[in-house]
Participant: 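Structure incoming, see below.
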Amino acid sequence: MNLRERKRSDEINPDKDAEVTVAGWVQTIRKKGKIAFILLRDKGGIVQITALKNEMGEEEYNRLTKVQRESVIAVRGKVQKSEYVKRGFEILPIEWRLLNEAEAPLPMGVVDKVNIELDTRLDNRFMDLRREEIKAIFEIKAIMLSAIRRTLEKSGFVEVQTPKILKAGAEGGATLFKLDYFGKNAYLAQSPQLFKQILMSTGLERVYEIAPAFRAELSDTTRHLSEFTSLDFEMAFIESQDDVMDMVEEMVDSAVNAAINEGKDRLDMLGIELNRPKRPYPRLTFEEVKRTLEEKDKKVDNDLDTEGEKILGEIMAEKGYYAYFVVEYPEEEKPFYIMEKDGTPWSYSFDLEFKGQELASGGQREHRPEILMERMKKKGLDPKDFEFYIKAFRYGMPPHGGVGLGIERLIQKALNLENVRETTIFPRDRFRLVP
RNA sequence: GCCCCGGUAGUGUAGCGGCCUAUCAUGCGGGCCUGUCGAGCCCGCGACUCGGGUUCAAAUCCCGACCGGGGCGCCA
C-alpha cells in the first residue's frame, strides 16, 4: 500500500474505481459482531469502510475494529456500490495501516452528542477544526477574503505591508502593547493608519492591507480580540468620503456574494441563510440618527453606545436594511486625521454598521499639514512625535480617504456567530495566549 | 477600568449544609449481535480548582488565590 496512490473520498467514482486507497481519521466504529462499519473522515468528507470478520480473519478484524477514534489510518480496499450507504458505495478492506493512533479519552469529542464550551474547543482547536461545521467557518472566511482582494485589485488597489513594530501609537486612545526593542521601548501596531496615509503621497494612489492589528484594550466581550485582522485601504484623489463608502459597499457586497455563491454547501452545513444586504447601503447622518433614537427615548450624546447601535440596527432591519453607514460624527469624537466639516461640529467620517454592530470606520482625511497639526494639538498630541508622518504631507499630498474594517467582525455578523473568537482559529484575548 | 455570574469524571451537566462512598448523558473498558449510519442492549470505570475559616457535619456557607463566562465603557 502506497500513500501516493491515495484518493480523497470525494474523488472516488464507484463506477470506475474497482479498488482504492483512502486515508483519514477514524470518526466512529460501529461494531455489530461479525460486521463493523468504520466512518473514515478526510478532506472530501466521510467514507464508510465495511469490515467483515469472515473476510478479514478474526485477528485483523479485531485489530482494525479496536483502533481508537480519531486515529489516522490508511485503507486499501475494494469499492463496492451499496444502497445502504449514504454515499452510495463502501470500501471493503484488503489491507490497512495504522499511521498514528489517537490517545483515549479525547480532550473533546468530534461527533459526540454533548455540548462543548467554546473555551474547551479553543483549548483543543486542532480537534475542534475536525468538525465539519467549524472548518466551514474558516473556509467561508477564506472565500470572503479572496473576494475582497479580487474586488480591490480590480479597482486598482495595490496590496502593501506596513510595519507592526512601531515607536509610537497611531492615535492615542486605544491601548498599546509595549515591547522591548533591542533595549528601546516599542509598541505593536494598533492600526496601519499613518503608514497607509503616508503612501498616499507616493503615487501608488490606492493601497490596501490585510494584516493583524493589536489592541491592549481591557475589553472582554464577544466582539473584541487583542489581535484581529484589519482590512485597511486608502485611496487618493477622492472628491468626498462618499467615494470611500462606495468602495466599502462594493467590497462588502462582493464578499457576502462570494460566500453565498462559492460557499453555499458550507452555509447549508452551518444552517445559515445569508442574504446580500440591500443596496445602496443607506447613509444616515449622525444628527438624523440622534433624532431617530431620541424619538424612541434613547439618549444620544456625542457617540452611539452599544444600546443605541442595537436599537438603530432594529429600526433599520424593519426597513429591510442590514448594512448602512452612519456619517458625519461629531469632530470631537474622531481622531486627528479625520477632516472636519468646516464651520460645523461635524466631521467627514463614517462608520459601517452591519446588523447593529460597528464593522468599519473611515472617512476623508485631513491632507493639509497646517490643519493636521492643529488637529493634533487639539487632541493633545505633539506634532513633533509624528514628524515622520507629517513630512509626507508637506511635499505634495493629494486629498484622500480610507477605511479600517474588522474582518472577524464581518465574518461573525455574516454568519450570525455569537462570539468573534469563533472566527479566529487561534484567538488572542485578555486571557488567552495559548494555543 | 467598572458591574454581575461561574468553576463537580475526558466532555457537557444535576446536586447548593447531614438522605452524596455525588445525578444523568456522552466517553472509555468488557460482553452480545452480518447491514449499521446520533446503532442497540447488558456489566464495569471515571469528578467536587486550590488554600484558609465557620460548623458536631462542607461539593453545598464565608474569605483569599487561580482560572473562566457575560455585560458596560471603549472600539474593528
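Protein chains get the first letters and strands the later ones, always in sequence-line order, with residue 1 at the start of each. Since this is a predicted model, take the numbers as computed values, not measurements.
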Participant: What is the distance, rounded to the nearest whole Å, between atom CG of A:D303 and atom C1' of B:A76?
Facilitator: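 Those two atoms, CG and C1', are 13 Å apart.
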
Participant: Could you tell me whether A:K379 atom NZ has more than 12 heavy atoms of other residues or ligands within 6.0 Å of it?
Facilitator: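 Enclosed.
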
Participant: Which one is paired to B:G64, where only Watson-Crick or G-U wobble pairs with both distances under 3.5 angstrom count?
Facilitator: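 Base partner found: B:C50.
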
Participant: Considering only heavy atoms, which members of residues 49-76 of chain A lie under 4.0 Å from some atom of RNA chain B?
Facilitator: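 Contacts with RNA chain B under 4.0 Å: A:L52, A:N54, A:Q68, A:R69.
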
Participant: Would you mind reading off the distance between A:D119 atom CG and B:U49 atom P, rounded to a whole angstrom?
Facilitator: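 Going from CG in A:D119 over to P in B:U49 covers 16 Å.
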
Participant: Pairing check on B:C45: which nucleotide meets the Watson-Crick or G-U wobble criteria with it, both distances under 3.5 Å?
Facilitator: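 Because both required distances fall under 3.5 Å, B:C45 counts as paired with B:G27.
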
Participant: Looking at B:G68, B:G27, B:C72, which one has an atom nearest to any side-chain atom of A:F431?
Facilitator: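 Of the candidates, B:G68 comes closest.
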
Participant: What contact category does A:L225 fall into here, base, sugar-phosphate, or nothing, at under 4.0 angstrom with non-hydrogen atoms?
Facilitator: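 The residue A:L225 makes base contact.
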
Participant: Do A:T162 and A:E209 get their side chains close enough for a donor-acceptor pair, meaning under 3.5 Å?
Facilitator: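 Present: a donor and an acceptor within the cut-off.
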
Participant: Is the CZ atom of A:F228 crowded by more than 12 outside heavy atoms at less than 6.0 Å?
Facilitator: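 Counting other residues, nucleotides and ligands, CZ of A:F228 exceeds 12 neighbours.
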
Participant: Between P on B:G71 and CG on A:D220, what's the gap in Å once rounded to a whole number?
Facilitator: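 It works out to 9 Å between those atoms.
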
Participant: Does atom NZ of A:K164 have more than 12 heavy-atom neighbours, drawn from other residues, nucleotides or ligands, at distances under 6.0 Å?
Facilitator: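 Enclosed: over 12 neighbouring heavy atoms sit under 6.0 Å from NZ of A:K164.
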
Participant: Less than 6.0 angstrom separating the ring centers of A:F325 and A:F350, yes or no?
Facilitator: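 Under 6.0 Å, so yes.
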
Participant: Over how many whole Å does the gap from A:K298 atom NZ to B:C72 atom C1' extend?
Facilitator: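 Distance check: A:K298 NZ to B:C72 C1' gives 11 Å.
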
Participant: Specify the residues of residues 19-39 of chain A, ordered by number, for which at least one heavy atom lies under 4.0 angstrom from an atom of RNA chain B.
Facilitator: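 The stretch gives A:R30, A:K31, A:K32, A:G33, A:K34, A:I35, A:F37 as the residues lying under 4.0 Å from the strand, ordered by number.
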
Participant: So, OP1 or OP2 of B:A76: does either fall under 4.0 Å of a side-chain N or O from A:S230?
Facilitator: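 So the side chain of A:S230 is outside the cut-off, no N or O lying under 4.0 Å from OP1 or OP2 of B:A76.
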
Participant: Assess whether atom CH2 of A:W25 is packed by more than 12 heavy atoms of other residues, nucleotides or ligands within 6.0 Å.
Facilitator: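 For A:W25, atom CH2 is not crowded (no more than 12 foreign heavy atoms under 6.0 Å).
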
Participant: Heavy-atom distance under 4.5 Å between the side chains of A:E332 and A:P345, does that happen here?
Facilitator: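 Side-chain contact under 4.5 Å: no.
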
Participant: Taking CD from A:E117 and P from B:G12, how many angstroms apart are they, rounded to a whole number?
Facilitator: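 It is 5 Å, rounded to the nearest whole Å.
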
Participant: Is the distance from OP1 or OP2 of B:G73 to the nearest side-chain N or O of A:T306 less than 4.0 Å?
Facilitator: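 Yes, A:T306 has a side-chain N/O under 4.0 Å of OP1/OP2 on B:G73.
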
Participant: Validate the cation-pi geometry between A:K413 and A:F354: distance from NZ or CZ to the six-membered ring centre under 6.0 Å, angle to the ring axis within 45°.
Facilitator: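 Judged by the rule, A:K413 and A:F354 form no cation-pi pair.
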
Participant: Nearest 0.5 Å please: distance from the CD1 atom of A:I134 over to the CD atom of A:E139.
Facilitator: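 Reported to 0.5 Å precision, the distance equals 11.5 Å.
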
Participant: With both distances under 3.5 Å as the test, what is the Watson-Crick or G-U wobble partner of B:A14?
Facilitator: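 Pair assignment: B:A14 / none.
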
Participant: Scan every strand shown for a Watson-Crick or G-U wobble partner of B:C72, both distances under 3.5 Å, and answer none if you come up empty.
Facilitator: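 In the structure as shown, B:C72 has B:G1 as its Watson-Crick or wobble partner.
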
Participant: Please classify the nucleic acid contact of A:T120 as base, sugar-phosphate, or nothing, using heavy-atom distances under 4.0 Å.
Facilitator: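 Counting heavy atoms under 4.0 Å across all strands, the contact made by A:T120 is with sugar-phosphate only.
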
Participant: Which residues in residues 407-430 of chain A have at least one heavy atom lying under 4.0 Å from any atom of RNA chain B?
Facilitator: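 Only A:R409, A:N419 qualify.
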
Participant: Any idea which of B:C72, B:G12, B:G35 is nearest the A:Q48 side chain?
Facilitator: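 So the nucleotide nearest the side chain must be B:G35.
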
Participant: Within this structure, what is the CG-to-C1' distance between A:L106 and B:G12, rounded to whole angstrom?
Facilitator: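 Taking atom C1' of B:G12 as the reference, CG of A:L106 is at 15 Å.
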
Participant: Report the nucleotide, chosen from B:C75, B:C28, B:C37, that has the shortest atom-to-atom distance to any side-chain atom of A:A104.
Facilitator: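 Closest of the options to the side chain of A:A104: B:C28.
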
Participant: Nearest whole Å is fine: how far is B:U34 P from A:L92 CG?
Facilitator: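 After rounding, the gap between these two atoms is 17 Å.
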
Participant: Measure from the side-chain heavy atoms of A:E90 and tell me the nearest of B:C74, B:G35, B:A25.
Facilitator: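 Selected nucleotide (nearest to the side chain): B:G35.
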
Participant: A cation-pi test, strictly: NZ or CZ of A:K334 under 6.0 Å from the centre of the six-membered ring of A:Y329 and no more than 45 degrees from its axis. Yes or no?
Facilitator: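 Satisfied, under 6.0 Å and within 45°.
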
Participant: Taking the nucleotide of RNA chain B with the closest heavy atom to each, which residue, A:E227 or A:D112, is nearer the 5' end?
Facilitator: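 The residue mapped nearer the 5' terminus is A:D112.
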
Participant: Which whole number of Å gives the distance between the P atom of B:G46 and that of B:A58?
Facilitator: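 24 Å, rounded to whole Å.
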
Participant: Could you check how far NZ of A:K310 sits from P of B:G71, rounded to whole Å?
Facilitator: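 Going from A:K310 (NZ) to B:G71 (P), I get 7 Å.
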
